[in-house]
Student: 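Just dropping this structure here.
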Amino acid sequence: MKLKNSLIVVEDIETSKAFYKDLFGLQVVTDFGENVILTEGLVLQEHKLWEKFTGKEVVKGGNDAELYFEENDMDWFVKKLNRREESISYVTEFTQHEWGQRVVRFYDPDGHLIEVGESMDFVARR
């Protein structure tokens, strides 16, 4: 058995597709309308469809999980974040951990926590 995808529930599929494409370069692999598979194994599903499938109400903002991305040009990425027309809600501004890794944490448009950090291989070479 292997893990194929991770799914997050979103309010507006088009807003979320644009967010993940613009910031992370993710592309649509398969588009079923209310359910979209992006590159890197991220699946977006509109909340109405999720609630229909599960019979459960969507509860946002659990702060108990995150999507983790790596980007070794952190200065460039933080500038990209700051240039966005839509404001970013930061959890942790651009910072460096005691072990040398630089990271930033923020929310996507639906309140999913995202962390972007340098790979530890890159940190070791820096």
Side-chain angles (χ1 to χ4, degrees):
M1 181 182 306
K2 66 179 181 176
L3 176 65
K4 290 290 291 181
N5 297 317
S6 295
L7 181 146
I8 58 174
V9 177
V10 301
E11 188 69 30
D12 182 289
I13 204 89
E14 295 303 322
T15 297
S16 294
K17 284 192 312 191
F19 178 84
Y20 284 97
K21 179 181 180 186
D22 293 346
L23 271 182
F24 304 106
L26 301 185
Q27 301 295 316
V28 173
V29 174
T30 307
D31 190 335
F32 298 108
E34 295 175 307
N35 185 296
V36 175
I37 301 171
L38 303 176
T39 51
E40 304 300 324
L42 182 60
V43 178
L44 310 173
Q45 188 169 84
E46 283 196 351
H47 79 279
K48 292 176 279 189
L49 186 60
W50 176 261
E51 289 177 348
K52 177 182 169 185
F53 285 166
T54 65
K56 303 287 184 185
E57 182 181 349
V58 172
V59 179
K60 292 185 178 184
N63 284 314
D64 59 353
E66 73 177 15
L67 298 175
Y68 175 75
F69 294 86
E70 289 187 339
E71 170 59 57
N72 290 332
D73 191 345
M74 290 298 293
D75 296 318
W76 168 83
F77 184 75
V78 169
K79 287 177 188 171
K80 185 177 183 177
L81 279 177
N82 292 332
R83 285 193 310 262
R84 287 183 52 80
E85 287 183 25
E86 300 84 10
S87 64
I88 295 289
S89 176
Y90 290 94
V91 176
T92 306
E93 299 267 346
F94 189 39
T95 189
Q96 184 169 331
H97 291 301
E98 59 223 32
W99 54 87
Q101 183 187 36
R102 298 185 308 160
V103 302
V104 61
R105 287 187 188 87
F106 54 94
Y107 293 110
D108 80 355
D110 293 284
H112 300 106
L113 182 58
I114 297 173
E115 177 179 349
V116 179
E118 297 170 309
S119 74
M120 291 308 295
D121 291 342
F122 179 81
V123 171
R125 292 190 314 262
R126 205 170 12 126

Student: Cluster question for you: counting only ILVMFWY and a side-chain heavy-atom cut-off of under 4.5 Å, with indirect links fine, are Leu7 and Leu49 together?
Tutor: no
Student: Once rounded to the nearest 0.5 Å, what's the spacing between atom CZ of Phe106 and atom CG of Leu113?
Tutor: 9.0 Å
Student: Please check if Val116 and Trp76 belong to a single hydrophobic cluster, counting links between Ile, Leu, Val, Met, Phe, Trp and Tyr side chain heavy atoms closer than 4.5 Å.
Tutor: yes
Student: Assigning hydrophobic clusters by single linkage (Ile, Leu, Val, Met, Phe, Trp, Tyr; side-chain heavy-atom cutoff under 4.5 Å), is Ile37 placed with Leu26?
Tutor: no
Student: Just jot down the side-chain contact (heavy atoms from CB on, under 4.5 Å) partners of Ser89, sequence neighbours excluded, or say none.
Tutor: Tyr107
Student: Who pairs with Asp75 by side-chain contact (heavy atoms from CB on, under 4.5 Å), at least two apart in sequence or on another chain?
Tutor: Asp73, Phe94, Arg102
Student: Any idea how Phe24 and Phe69 line up, ring-wise: parallel (<30°), tilted (30 to 60°), or perpendicular (>60°)?
Tutor: parallel
Student: With a 4.5 Å cut-off on side-chain heavy-atom distances among I, L, V, M, F, W and Y, is there a chain of contacts connecting Leu81 to Phe19?
Tutor: yes
Student: CG of Leu44 to CH2 of Trp50: how many Å apart, nearest 0.5 Å?
Tutor: 12.5 Å
Student: To the nearest 0.5 Å, how far apart are CZ in Arg83 and CD in Glu85?
Tutor: 12.0 Å
Student: Counting distance only, does the side-chain N/O of Asn35 pair as donor-acceptor with the main-chain N or O of Val43 below 3.5 Å?
Tutor: no
Student: Are any side-chain N or O atoms of His112 and backbone N or O atoms of Val9, one a donor and one an acceptor, separated by less than 3.5 Å?
Tutor: yes
Student: Do Leu42 and Ile8 touch side chain to side chain, with heavy atoms closer than 4.5 Å?
Tutor: yes
Student: Measure from the side-chain N and O atoms of Glu46 to the backbone N and O of Ile13, and report whether any donor-acceptor pair falls under 3.5 Å.
Tutor: yes
Student: So if I apply the side chain to side chain donor-acceptor pair (under 3.5 Å) rule between Tyr20 and each of Asp108, Thr39, Thr15, which one comes out positive?
Tutor: Asp108
Student: For the hydrophobic clusters of this structure (ILVMFWY residues joined by side-chain heavy atoms under 4.5 Å, transitively), does one cluster hold both Ile88 and Val78?
Tutor: yes
Student: First locate atom OG1 of Thr92, then atom NE2 of His97, and finally report the distance between them rounded to the nearest 0.5 Å.
Tutor: 7.5 Å
Student: Val58 pairs by side chain to side chain contact (heavy atoms under 4.5 Å, CB included) with which of Glu11, Lys48, Gln45, Glu51?
Tutor: Glu51
Student: Measure the spacing between CZ of Phe77 and CD of Glu118 and express it to the nearest 0.5 Å.
Tutor: 12.5 Å
Student: Between atom CD of Gln96 and atom CE of Met74, what is the distance when rounded to the nearest 0.5 Å?
Tutor: 10.5 Å
Student: Using the side-chain contact (heavy atoms from CB on, under 4.5 Å) criterion, which residues pair with Lys21? Sequence neighbours excluded.
Tutor: Gln27
Student: Taking CD in Glu40 as the centre, count heavy atoms belonging to other residues, nucleotides or ligands within less than 6.0 Å. Is the count above 12?
Tutor: no
Student: Using the rule side chain to side chain contact (heavy atoms under 4.5 Å, CB included), only one of Glu86, Lys17, Arg84 pairs with Asp22; which is it?
Tutor: Arg84
Student: Looking at Lys80, I'd like to know if its NZ atom is crowded, meaning that more than 12 non-hydrogen atoms belonging to other residues, nucleotides or ligands lie closer than 6.0 Å.
Tutor: yes
Student: Any side-chain heavy atom of Ser16 sitting closer than 4.5 Å to one from Asp110?
Tutor: yes
